[in-house]
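Every heavy atom of this structure was used, including side-chain atoms; hydrogens, water molecules and symmetry mates were not.
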Amino acid sequence: MAETTHPSGTGAHAAPGGDGASRRDFLYLATGAVGAVGVAAAAWPFIDSMNPAADTLALASIEVDLAPVAEGQAITVTWRGKPVFVRHRTAKEIEEAKAVNLAELRDPAPDDKRAQKPEWLVVVGVCTHLGCVPLGQKPTDPKGEYDGWFCPCHGSHYDTAGRIRKGPAPANLVVPQYAFLSDNRIRLG
Amino acid sequence: MAQAHASNFKNPVVKWIDSRLPIFTMMHHEYNEYPMPKNVNYLWAFGAIAGIMLVIMIATGLVLAMQYAANTTIAFDSVERIMRDVNYGWLLRYVHANGASFFFIAVYIHMFRGLYYGSYKAPRELLWIIGVVIFLLMMATAFMGYVLPWGQMSFWGATVITNLFSAFPLIGDPIVTWLWGGFSVDNPTLNRFFALHFLLPFVIFAVVILHTAALHVSGSNNPLGIDAKGPQDTVPFNPYVTIKDLFATVVFMIVFAVFVFFMPNYLGHPDNYIPANPLVTPAHIVPEWYFLPFYAILRAIPDKLGGVLAMFGAIAVLVILPWLDTSKVRSCKFRPIYRQFFWVLALDALVLGYAGSQPAEGTWLLIAQIGTAYYFFHFLILLPILGKLERPLPMPASISEPVLKGGGRIAAGAHAKPMEKA
């Protein structure tokens, strides 16, 4: 009643090691490797389906018309779910921004790195402390001690280039990726 | 002094866990060593295939649920967004929709295997009944899932099927209002169907665990319907059955892939790509193919309540099947008369299915009525009577005996008893 559970006589096979047990090891390893690739290939659609969908990605980039924004005015646009401040700076505000001694800044950045054209400042309106939306867009809003924006949550003050000057925020307001399509039109993102 | 389980594993981490919660011992016993009759054919693979389909349905359903919106104003559009905008959304949706069909294909083959080989007979009666419970849960899940895209068929199928309950006197209408959460199928209905559709697959999963547990108590059946007498009649589950099931699964997945990638809407109804309109009824309301035989039975009876009772009765007879069949022999292999009626039943199921797809009038209505009559005749009259009258074919002494000359007998002179019950 002796039944073998695996075939004998595989010794002549030119498998690594040359004997039956090693051939089995090789087969297990090869099958396991192919199986692992299969599992990864099967899992990818599930994982990737959670990445932003085409409609979300379509709104990843928006165009903003600057023509209606007069000097001294500011608008807030929604971009990727966040507010973006677009301020048409006055000559005085530009002057204030350029005159700052960089050594005094917590997060040093020269004004020409903050604005592509000096009269247009584009920054993400999210305080770098804990994420509130700073005040300063409306003429009636407090602008803080540096004429830029003031965050009411914990008292961060930003200047006319959106740089942190006073208060707990560690970094300047983020300048998003943007490009001028024409003198009066930018693409954000 | 608290006792720990004496674990046989060498790896210290595995041993530590196993001595406190013997899951490794359990997995080894149930899926490594488990003795499987060595003569099972590929029809035995469909239980495993069905289990794999359940996992696929839950996985795809979960990621679809992350993108779907269960509100009548946006449900249809949310499904189209999945198809067009979500990464691989089209694939996940088609796998889920066709997966439901293939889940039923696997389960129907699995059930017919049980009918042919007497897998519902003692001591597997409860195993069979648990299986019927799984079938019912699948039907409920599939029905509610089909409503979610909120197409014309979704809406009107929901309306027709929920209206069935109004057939019951006195309590019928309040029940229907309660099911709807309103005065017709509308947003409350859709919302609760989504919640229940999300829940039931996990209930199915739990009942499948009970189903497998019950199976492992009696051991698996085999095509001869004869109990395994010892290790000479069985093979360890791993590697023999794991590899056999894996191969069967691969073939099944190839067929599944043909539908998903080349004909993903073939099994569906085009009307479900029309957004639901409560003011316009489609010319022909039909459920998905896997419900068609029951739909035919429902419409075959001219009385409203009668039709509902017949449809539920068709599943109820499956529950009492172990007691309807009086034959002492399990497998149709040794039942030359009944075997032919088995094929008549199989044909009947297909005929009823087709009849369910046709308008319930004229010739097809008559055919549905004959089919319904045969269905109940088969279970309620034929099975009890034939079991007593039929003379079975002579059965071998054991599973191994017909294969190994002189092998498979434990004691010299042992003969197979005609009564093969534990």
Is the side chain of B:Gln67 donor-acceptor paired with the backbone N or O of A:Met50 at a distance under 3.5 Å, no angle test? no

Checked A:Ala54, A:Ala58, A:Pro52 vs chain B; the most non-hydrogen pairs under 4.5 Å come from A:Ala54

Value for OG1 (A:Thr56) from CG (B:Asp85), rounded to nearest 0.5 Å, stands at 7.5 Å

Considering residues, nucleotides and ligands other than A:Asp183, do more than 12 of their heavy atoms fall under 6.0 Å from its CG? no

If I compare all heavy atoms of B:Val86 with all of A:Ser49, which pair ends up nearest, and what's the gap? CG1-O, 3.6 Å

Check this for me: A:Asp55, atom CG, are more than 12 non-hydrogen atoms of other residues, nucleotides or ligands nearer than 6.0 Å? yes

Atom CZ of A:Arg187: over 12 foreign heavy atoms under 6.0 Å: no

Considering residues, nucleotides and ligands other than B:Met27, do more than 12 of their heavy atoms fall under 6.0 Å from its CE? no

Residue B:His216 excluded, over 12 heavy atoms near NE2 under 6.0 Å: yes

Starting from the C-alpha separation in whole Å, work towards a yes-or-no answer on side-chain contact (heavy atoms from CB on, under 4.5 Å) for A:Phe46 and B:Tyr88. CA-CA 8 Å; A:Phe46 290 88; B:Tyr88 295 103; over 6 Å; no

A:Pro45: which of B:Thr60, B:Leu91, B:Asn87 passes side-chain contact (heavy atoms from CB on, under 4.5 Å): B:Leu91

